[in-house]
Structures are given as C-alpha cells and as structure tokens.
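These notes are about the structure you will find just below.
No experiment lies behind these values; they were computed from the predicted model shown.
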Amino acid sequence: MADEAKWYVVHTYSGYENKVASNLEKTVENRQLQDLIQEIRVPTETVTEITEAGKRKEVERKIFPGYVIVKMIMTDESWYAVRNIRGCTGFVGPSSKPVPLTEDEVERLGIEQRSVEVSYQVGDSVNIVDGPLEGFIGTVEEMDVAKNRVRVVVSMFGRDTPVELELDQAEPV
C-alpha cells in the first residue's frame, strides 16, 4: 500500500464525467474514504465561441471527454469504490490495472499548480544553486512566476550573458 496519494485516470462513458465525479464524491463522503480518495477532477477549459448571429459566448468544455482524474491512495477499498461507480468503465492502464500519472504528466496537464515562493525580485543579486552554472552570481533581469521562470544576467568571460532558470534554481545573495 502506498503512503502518498497519486493521480489516476478513470475512464467513463462519454457525457457521464460530471455524474461519475459527483457520485464518487458522495460515495467517499458516505463511506468516510476522505483519507484514501482525496480529490476528484473533471478537467475543463473556458472557450469563447462565436455564434451564427456573430455574438460571443463563453462555453466551458471538457479537456478530456470520457475521463475523470482522481487523486487517491490505491488500496483494494479505494479501487473498489471508484470501479463500482455507475458510468465508470475502469482505470486507464494495461488490463484495467491502474497506472498513476507521473509527476511530469501531472505538471504538463496542469492538474496541480505548484507555487514557488521566492525572496528576490528584479534587480536583486542571486546565487545560482542548481544546473550547469551552479555557484555563479548574477542579477535578476526578468521574472515570470506563472511560468516558473527567471532570467538572470551572469558575467562570464567579461561578458554579460542572460540565462533562463526555474525560480527555485536561484536564491538571494
């Protein structure tokens, strides 16, 4: 039994995603499985459609029709609870053996937003603590917290060289 909850993809009948999610939430509540099944999501995006009359309309669309994403600790009890929801056809994986999403997949799908708190800002001197330029000191030129990126200008061989890093690869001097 795993100690840490992982994200699993559950296949449903098309159009039943929200129903499966709400039924699963009720089952979790009724059976007190909150410690095993922690989050249930139907990934959606907001899209602007232009109607025939030329009017703009905001519509919420499912990103993955026919799938629900569940963060859970896989046990026989949690597997049974998810598998026996009406409209659920099984877990995604070989012969319905659940395979958790990797951390890279979770990040790319935008399921979990990881926020990095930084104690530096544009203009500050920072020490690079990870990567090929580890140990170099530079000045923060630009930050994009949403994309987890920072541009640092490092002086190498007498020239100022801009370097793209992740926010946690630099720390204030």
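- Between Tyr8 and Phe91, the angle of the ring planes goes over 60°, which puts this pair in the perpendicular group of the 30/60° scheme.
- Note: Arg86 CZ to Tyr13 OH = 10.0 Å, rounded to the nearest 0.5 Å.
- The minimum heavy-atom distance linking Gln32 with Asp35 is given by the pair O-OD1, 3.8 Å.
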Go through the steps to decide whether Glu39 and Arg41 satisfy the test salt bridge (Lys or Arg N to Asp or Glu O under 4.0 Å), and finish with yes or no.
-> CA-CA 7 Å; Glu39 275 187 72; Arg41 295 217 185 136; 2.6 Å; yes
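- Across all non-hydrogen atoms, the minimal contact from Leu36 to Ser78 is CB-CB, 4.1 Å.
- Residues passing the salt bridge (Lys or Arg N to Asp or Glu O under 4.0 Å) test with Asp104 are Arg108, sequence neighbours excluded.
- Taking each heavy atom of Ala81 and Ile37 in turn, the nearest pair found is CB-CD1, 4.3 Å.
- The structure places CD of Gln34 at 11.0 Å from CD of Glu25, a figure rounded to the nearest 0.5 Å.
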Step by step, work out the side-chain contact (heavy atoms from CB on, under 4.5 Å) result for Val150 and Glu166.
-> CA-CA 6 Å; Val150 61; Glu166 290 185 4; over 6 Å; no
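- With sequence neighbours left out, the side chain to side chain donor-acceptor pair (under 3.5 Å) criterion links Thr139 to no other residue.
- A salt bridge links Arg151 to Glu141: at least one charged side-chain nitrogen sits closer than 4.0 Å to a carboxylate oxygen.
- Side-chain atoms of Ile128 and Ile137, non-hydrogen and from C-beta on, never get closer than 4.5 Å to each other.
- Note: Cys88 SG to His11 NE2 = 9.5 Å, rounded to the nearest 0.5 Å.
- Contact detail for Arg149 and Leu167: the closest heavy-atom pair is O-CD2, 3.6 Å.
- The shortest heavy-atom contact between Gln121 and Val140 is O-CB, 3.5 Å.
- Shown here is Glu164, whose CD atom has more than 12 heavy atoms of other residues, nucleotides or ligands within 6.0 Å.
- Val99 is not connected to Tyr67 by any chain of hydrophobic side-chain contacts under 4.5 Å among Ile, Leu, Val, Met, Phe, Trp and Tyr, and they are in different clusters.
- Side-chain N or O atoms of Thr12 include none that pairs as donor or acceptor with a backbone N or O of Gly87 at under 3.5 Å.
- Tyr80 is listed as a side-chain neighbour of Arg31, based on a closest heavy-atom distance under 4.5 Å.
- Proximity of Glu105 to Trp7: side-chain heavy atoms (C-beta onward) are nowhere separated by under 4.5 Å.
- Side-chain polar atoms of Thr46 and Glu60 form no donor-acceptor pair below 3.5 angstrom.
- Nearest heavy-atom pair across Val122 and Glu142 is CG2-CA, 4.3 Å.
- Looking at Glu17 and Lys19, no side-chain N of the basic residue comes within less than 4.0 Å of a carboxylate O on the acidic one, giving no salt bridge.
- Contact of the Arg61 side chain with the Thr44 side chain is not registered, since no non-hydrogen atoms from C-beta on lie closer than 4.5 Å.
- In this structure, Tyr120 and Glu171 have side chains that are not in contact, with every pair of non-hydrogen atoms separated by 4.5 Å or more.
- Taken from OG in Ser155 to CZ in Arg159, the straight-line distance is 11.0 Å, to the nearest 0.5 Å.
- Taking OH of Tyr16 as the reference point, atom CD1 of Ile85 lies at 14.5 Å (rounded to 0.5 Å).
- One distance of note links CG of Asp124 with CE of Met143; it measures 9.0 Å at 0.5 Å rounding.
- Under the 4.5 Å side-chain heavy-atom criterion for ILVMFWY residues, a single connected hydrophobic cluster contains both Met156 and Val126.
- Under the side-chain contact (heavy atoms from CB on, under 4.5 Å) rule, Leu165 has a single partner from Asp130, Val152, Val129, Leu133, which is Val152.
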Determine, step by step, whether Val154 and Asp160 satisfy the side-chain contact (heavy atoms from CB on, under 4.5 Å) criterion, reporting the C-alpha distance in whole Å, the side-chain angles of both residues, the deciding distance to 0.1 Å, and the verdict.
-> CA-CA 6 Å; Val154 179; Asp160 286 345; over 6 Å; no
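- Partner Leu33 forms a side-chain contact (heavy atoms from CB on, under 4.5 Å) with one of Val28, Ile73, Val82 and no other, that one being Val28.
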